Amino acid sequence: MSLLAPVGLVALLAVPAILLLYFLKVRRPEVRVSTLMFWRPFVADRQANAPWQRLRASLLLALQLLAALALALALVRPGVSGAIGIGGTTVVMLDASASMQATDIGPSRFEAAVARARDKAHQLGPGQEMAVILIGQHAELLSPPSSDPAVLDSALNRARPTGSEVDLGEAFSLANAVVAGRPGASIVLLGDGHARAPASPPRVGARFFYEPVGATGENAGIETITRTAPGTVFVRLANYGRGDRDLKLEMLADGRLADVLPVHVAGNSTSDVTWTGMAPGTQVVEALITPGDALAIDNAAFLVTGSPPARKVLLVTEENGFLQRALKLRPGIDLTIQKKADYKPGTNYDLYVFDGWVPAGKLPDPALVVAPLDGNGPIPLGNQLNPGLVLPVDPSDPITQDVVLKDVHVLTAARATVPSGWRTAIAAVDDPLLLIHEGEPRIAELTFDVHHSDLPLRAAFPILVQNLLAYLLPGGFENQVYPTGRVVTLATEPTARSLEVQTPSGKVVKLAPPFPAAPFTDTQTPGVYTVRQQLSSGVRSSQFVVQFEDPDLSRVGVGSAPFVELTASANAAPPRGTLELWPWLAALAVALLATEWFVFHRGP
Amino acid sequence: MLSPAELSLLSRLDLAYRRPVSGLYAGERRSPRAARSPEFADFRPYVAGDDFRQIDWRAYARLERLMLRLYVAEEESSLNLVLDASASMTVGSPPKWPAARRLASALAFLGLSSMDRVAVGVLGNRQLRTPHLRGNTALARIWTFLEDVEPRGVAEPSMLTDLDWPRPGMTVVISDFFTETSWAPAVAGLRRRRQEPLLWQLLAPDEENPSLAGDWKLIEAESEQERELTITPALVGEYLANLAAHRAGIRRAAEGAGGRMLASLSSQPLEEQMLTGMTAGVIRR
């Protein structure tokens, strides 16, 4: 037992003060009455009726003294030293991966996890606190450690599940930061085991508990949808559960039901369906399986059959087959190839690609500039050097999404300094390799000749070029398919005055003005997104599709606890904490005062 | 003491005696004796010695039996008004003594209007009483008597028997009846003296419903005895229960002696006091 605020002992003076008041005679007002015979003699014993009389036993006095004593003891904050369980911080990590939208436990796994977290918040004892981390595409600290259930409730109200995979490693890093310096803390993961674990077990600086949420693994979904021939759509249905399923596949063309196909899918297997009823001119095909099941997000798939609008692209190069082929991969590209001697300024193109050279004067835009060694590029380039190891890219950057540079090497690159208004998308240890001008005009510049690298030989190259086209080309997003959770860059037409996106649920998100338009991030729901641009010539309406395509998340069976490596602080003996007793003492004082009030007013 | 409006009200009222009374002179009260008067009472068979003049010959013609007509004798009655003039009657807001004096004056007016002989006495430090008065000057003499009385001292039930009431009639006692001693023997003594007792308890509003709360020093008006109290709702509840029990004892004493008991407040105007009497059947139109 220890006293955390000994100065509170001063409050014990209340005890002699109360006794003193009892010794002092009360001055009573006088009143004449006809008779005393109806008044039973009764004097409350809370004060003396004669000065300095002998202290008599009194219930009211006893209650007052006890209340004062309890209050004084509460003020000195006595504490009992103890082991684990007394005090401590709990970090609750909520798995917000798409599989948590499963409704095998009502109303959904995610809601059930939030309810559990809410219960924990309301069961916090004195000295205990709780923090909440939402494991979304990025870990987010919804609430720092708090002992206030209202604060935690408010934080939990903001929690929403995502439509994609989530990163567990980032969440553990954040949780470790929260529990640092808080001995006796614990980390609780509420999830279904589908959060993506890091390659190596994360180090955890506190005791770790995994509370699985979920009941079943039965689920079916659409794994693939693609067009195999004009008017023909191939759909692969997967049954991730054990039992066979008889399903119906509804095919919708541009939002209208076109066909219903019965499909039998055995447990843990797939069934392929080829639909040949697609009418000519159909822009979007939607495949939907019924009846619904635990996870609804994978029951629908979309196929954009309409071609992107034709875009004129000028490639000025002496010879670059890699670049030429990568540009032609995108449907709707009308590629014009010129040598630099043939280039004439003033010709209108939707995109200019200058390989190893840029014209003098103002650079036309949008433009992709590849290693302009003559020094006329938008970014001054210096001497050639070996840039060193190519660094991993940011997977959330739209330019480098799905671009894996693990086996890519660059022999030489021009030294470059990143000017203001530009950012580095790809970098090596000693030199930036790809720089992007932020905002308008849209310009990207590679600091190395692709022939001096093995990048064109990797799968990453065409993906990188497609990402660059999506960013640089006006309307590069049109009729494209993006995975759920992907950030979509919406390059507007040069004359666009406003830009808005309507989600499948009907919500309209205004992105511009101001220009350049902010990236569109609300892509957690699969479906067709409509983009409207107000041009000087009228409204241009286009669309893109967001698709859920993650079989790992469709396997909704509850996974096991992630492997973690407990640090020494987590494995250490539980620290001794101090259980403060003042809340109970304060409550006792209030109860005693209430009793005293009741006894006084009720009378003897 | 009484306003013209109150006198006008009282002129339409009368005291209601429960039993016929027998007086010396003719009056307006029904007498237990039969006599010649305009008001027919009954028939009875003729017996030897009866006055021939009272034989109803028309009844003889129909019945061939001699029948005597009997008439109600209307005689005066005596109304005795006794006021508690102890110190406790000065207590209350408004005090009880002025209200008791006005009530006694009103009852005296009712009695005198009905040709009754009215006497007024007081219980207290001095046991005074007027002779039985009748006639035009009686009311003025009663008012003068009451205005000269100053309430003080103690009033005990035994004092009631000390007052001499030679004539039968009604005795009205106006008091708060706040005595430790029982009123039953004194009221029974009135019955033995052929008095119809009427106990009229007059209390102040704060005696009927005490509004005190907290710490007080209570001083009893008659004994000057002091008592320090912490008045709680529970204690007030006990007070009300004790008052009700005491009032029930007074009512039993009155009814045991063939009389009646009623209660009013010193704050009530005379009209309401009379209404209380009418409700209890003590006063009639």
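In this text, all values refer to a predicted model and were calculated from it rather than measured experimentally. Residue numbers begin at 1 in each chain, while the letters A, B, ... track the order of the sequences.
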Among B:I219, B:V91, B:T90, which residue has the highest count of heavy-atom pairs closer than 4.5 Å to chain A?
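With the most close heavy-atom pairs to chain A, the winner is B:I219.
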Name the option with the most non-hydrogen atom pairs under 4.5 Å to chain A; the candidates are B:L218, B:T179, B:D176.
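Of the options given, most contacts go to B:L218.
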Quick check on [X] against chain A: is it the side chain, the backbone, both or neither that has a heavy atom closer than 4.5 Å?
{"X": "B:L203", "answer": "neither"}
{"X": "B:L240", "answer": "neither"}
{"X": "B:E207", "answer": "side chain"}

For A:S34 and B:S88, work out which heavy atoms get closest and say how close.
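It is OG-O, 3.3 Å.
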Looking at side-chain heavy atoms only, is the closest gap between B:T230 and A:R28 below 4.5 Å?
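The answer is yes; the side chains approach within 4.5 Å.
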Around atom [atom1] of [X], are there more than 12 heavy atoms of other residues, nucleotides or ligands at under 6.0 Å?
{"X": "B:Q225", "atom1": "CD", "result": "yes"}
{"X": "B:R247", "atom1": "CZ", "result": "yes"}
{"X": "A:W582", "atom1": "CH2", "result": "no"}

Reported [atom1]-to-[atom2] distance for the pair [X] and [Y], which is rounded to 0.5 angstrom:
{"X": "B:H246", "Y": "A:F38", "atom1": "NE2", "atom2": "CZ", "value": "4.5 Å"}
{"X": "B:Y239", "Y": "A:L36", "atom1": "OH", "atom2": "CG", "value": "10.0 Å"}
{"X": "B:K217", "Y": "A:R32", "atom1": "NZ", "atom2": "CZ", "value": "12.5 Å"}

